[in-house]
> 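After the structure tokens below, expect a handful of questions from me.
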2 protein chains.
Amino acid sequence: MPYRRTESVIRRLAAREQAILDAARIEAARGGMAAVQIIPVAGRAGIATGTVYRYFPAKADLVSQLIADVAERELDAMRAAAGAAPGPLSALAAAIATFAARAMSERKLAWAVMAEPAEPEADAARRDFRAALSDELQQRMRVAIVRGYLPGQDVTIAAPAIVGALLEGLIGPMAPAVDDDPAKTREAVQTATLLCLRALGVGDARAFGLVAQLPLGRRD
Amino acid sequence: MPYRRTESVIRRLAAREQAILDAARIEAARGGMAAVQIIPVAGRAGIATGTVYRYFPAKADLVSQLIADVAERELDAMRAAAGAAPGPLSALAAAIATFAARAMSERKLAWAVMAEPAEPEADAARRDFRAALSDELQQRMRVAIVRGYLPGQDVTIAAPAIVGALLEGLIGPMAPAVDDDPAKTREAVQTATLLCLRALGVGDARAFGLVAQLPLGRRD
DNA sequence: CGAACGAATGAATGTCAATTCACTCGATTC
DNA sequence: GAATCGAGTGAATTGACATTCATTCGTTCG
């Protein structure tokens with residue numbers, strides 16, 4: 001008779017898989033994608049190296065899953081923030097600012113997950129993340145354009161450009177250091193959001209108003 | 001008595017070093033940074049693998065030099081274009097558009113040199129490139145701000161944000177395909193430049209006027 | 001309780017590139 | 001033109017990781 005998986009075993013397996021992903025995320029947040037290596041990850045998760053392969057057939061699968069997990073959280077947060085906004089333009093502003101603020105709170109992880117290359121297979125996961133991010137912005141931009149809040153424009157260029165501006169402007173190697181100063185961080189997020197809104201054709205005065213009203217500063 | 005380096009020997013050595021760099025650039029343009037490997041590069045340059053090490057102590061040095069070379073060309077082109085412009089704002093527009101147009105003409109190489117990670121040492125060269133690019137834009141932005149052409153703003157965020165917007169919007173994995181269609185390419189460059197100018201606070205109408213006047217479409 | 005099973009282990013192995021080095025060969029010197 | 005220099009060669013070495021697998025260990029079943 002085939003063996004049955006007890007409730008507790010199922011829980012343990014799931015917990016272990018999560019522990020591996022958590023360990024990978026911590027490594028990535030510390031040393032970038034290059035630091036996501038099987039032996040250290042296994043060590044941090046408190047298991048043997050071989051065990052990692054019971055949960056993920058190859059390292060690329062682990063990395064892909066890590067990226068997908070982070071992506072899901074970020075997209076959820078953006079949608080939640082945008083959904084709570086009163087109109088299309090403030091929804092767009094909220095989505096942008098939320099992404100910016102969350103990326104700032106985990107700069108290295110955000111950079112590793114979005115910008116650092118790795119195995120080609122993991123690249124697909126990153127592509128998906130970026131595509132989803134762009135899509136999210138594109139949707140909201142289209143609504144805003146149709147309703148006359150934004151001038152007509154090529155959203156297939158504008159949306160990724162916004163993503164790039166936020167990444168480079170806030171968490172890229174050239175971005176100004178904000179250390180962990182919450183005031184500086186907040187200000188940087190506002191500056192970047194303002195810049196993005198203007199880039200999309202929101203008038204200076206109106207953009208300023210939108211940014212001033214943003215409910216910044218929450219955490220997951 | 002120490003050996004003298006004949007004129008012809010000096011020329012041959014210089015030519016060979018250039019051949020190695022050219023080979024590396026071709027590989028990068030084809031397959032990204034991952035394709036810059038010593039054996040293929042040596043093969044393409046028509047020499048043995050060991051010979052590469054007579055010219056570059058380590059692969060990281062070769063990659064760094066490659067990045068620095070590309071950076072120098074791009075910065076020169078930007079400065080030349082900006083220098084030929086009639087005023088601070090059109091100079092800024094010209095610098096942005098020139099960078100955008102040139103990156104588009106060698107998308108994969110531009111991406112490899114600016115965005116793909118590699119050895120940590122090569123990362124320093126990329127950092128320098130980005131810093132120089134940001135600096136170039138910052139200088140021009142400051143001038144434009146002082147003379148009242150642009151609203152006051154944090155240029156240390158704005159400059160890298162512009163770079164990021166161009167990279168992601170035009171040559172990143174999410175950017176729309178333009179294949180080799182010159183009309184599409186030209187239009188994409190205009191769209192992206194317009195977006196950048198608006199991001200910096202140039203009014204929509206004026207930005208449109210600046211972009212329309214850009215002398216686009218030259219090559220090195 | 002004692003098979004039987006699947007999960008866990010981690011040392012050993014495989015893989016992929018960078019790097020080395022003992023040797024060859026053409027150029028330079030006297 | 002013989003002696004010497006130093007560039008060029010490429011097979012072999014090294015190093016850094018990912019991946020495997022024979023074995024151990026804890027659970028589940030009869």
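Order of the sequence lines fixes the chain letters, A, B, ..., with proteins taken first and strands second; residue numbering starts at 1 for each chain.
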> In whole angstroms, how far is the C1' atom of C/dG6 from the CD1 atom of A/I10?
14 Å

> Output the residues of residues 24-38 of chain A in contact with DNA chain D, where contact means a heavy atom of the residue under 4.0 Å from an atom of the strand; sort by number or write none.
A/V36, A/Q37, A/I38

> Rounded to whole Å, how long is the line connecting atom CG of B/L13 with atom P of C/dA27?
13 Å

> Compare every heavy atom of A/M78 with every heavy atom of A/L137, then report the nearest pair and how far apart it is.
CD2-CE, 4.2 Å

> Using a cut-off of 4.0 Å on non-hydrogen atoms, how would the nucleic acid contact of A/F56 be classed: base, sugar-phosphate, or nothing?
nothing

> How many whole angstroms separate atom CD1 of A/I47 from atom C1' of D/dC25?
16 Å

> State whether the number of non-hydrogen atoms from other residues, nucleotides or ligands found under 6.0 Å of A/Q18 atom CD is greater than 12.
yes

> Under 4.0 Å between any heavy atoms, over every strand shown, what does A/I39 touch: base, sugar-phosphate, or nothing? Just pick one.
nothing

> Measuring to OP1 and OP2 of C/dA8, would you say a side-chain N or O of A/Y55 lies under 4.0 angstrom away?
yes

> Between atom CZ in A/R54 and atom C1' in C/dG10, what is the gap in whole Å?
14 Å

> Could you check which of D/dT9, D/dT19, C/dA8 has an atom nearest any side-chain atom of B/T51?
D/dT9

> Round to the nearest Å and state the distance from A/R16 atom CZ to C/dG6 atom C1'.
13 Å

> Kindly say if A/T49 contacts the phosphate of C/dG10, meaning a side-chain N or O under 4.0 Å from OP1 or OP2.
no

> Tell me whether B/D179 contacts the main-chain N or O of B/D181 through its side chain, where contact means a donor paired with an acceptor under 3.5 Å.
no

> Send over the distance from A/E17 CD to C/dA7 P, rounded to a whole Å.
13 Å

> Look at B/R12 and D/dG8 and indicate whether a side-chain polar atom (N or O) is within less than 4.0 Å of OP1 or OP2.
yes

> Roughly, in whole Å, what's the span from CD1 in A/I20 to P in C/dA7?
13 Å

> Do the side-chain N and O atoms of B/D135 and B/Q139 include a donor-acceptor pair separated by under 3.5 angstrom?
no

> Pick base, sugar-phosphate or nothing for A/A42, based on heavy-atom distances below 4.0 Å to the nucleic acid.
nothing

> Evaluate whether atom CD of B/E187 has more than 12 neighbouring non-hydrogen atoms of other residues, nucleotides or ligands under 6.0 angstrom away.
no

> Quick check for you: to the nearest 0.5 Å, what is the distance between B/R73 atom CZ and B/E106 atom CD?
9.0 Å

> For the side chain of B/Y53, starting at C-beta, report the closest nucleotide among D/dA7, C/dA7, C/dT20.
C/dT20

> Whole angstroms only, please: what is the CD-C1' distance between B/E121 and C/dA18?
14 Å

> Let me see the working for A/R44 and A/R30 under side chain to side chain contact (heavy atoms under 4.5 Å, CB included), right down to the final yes or no.
CA-CA 13 Å; A/R44 186 177 290 277; A/R30 276 209 320 95; 3.6 Å; yes

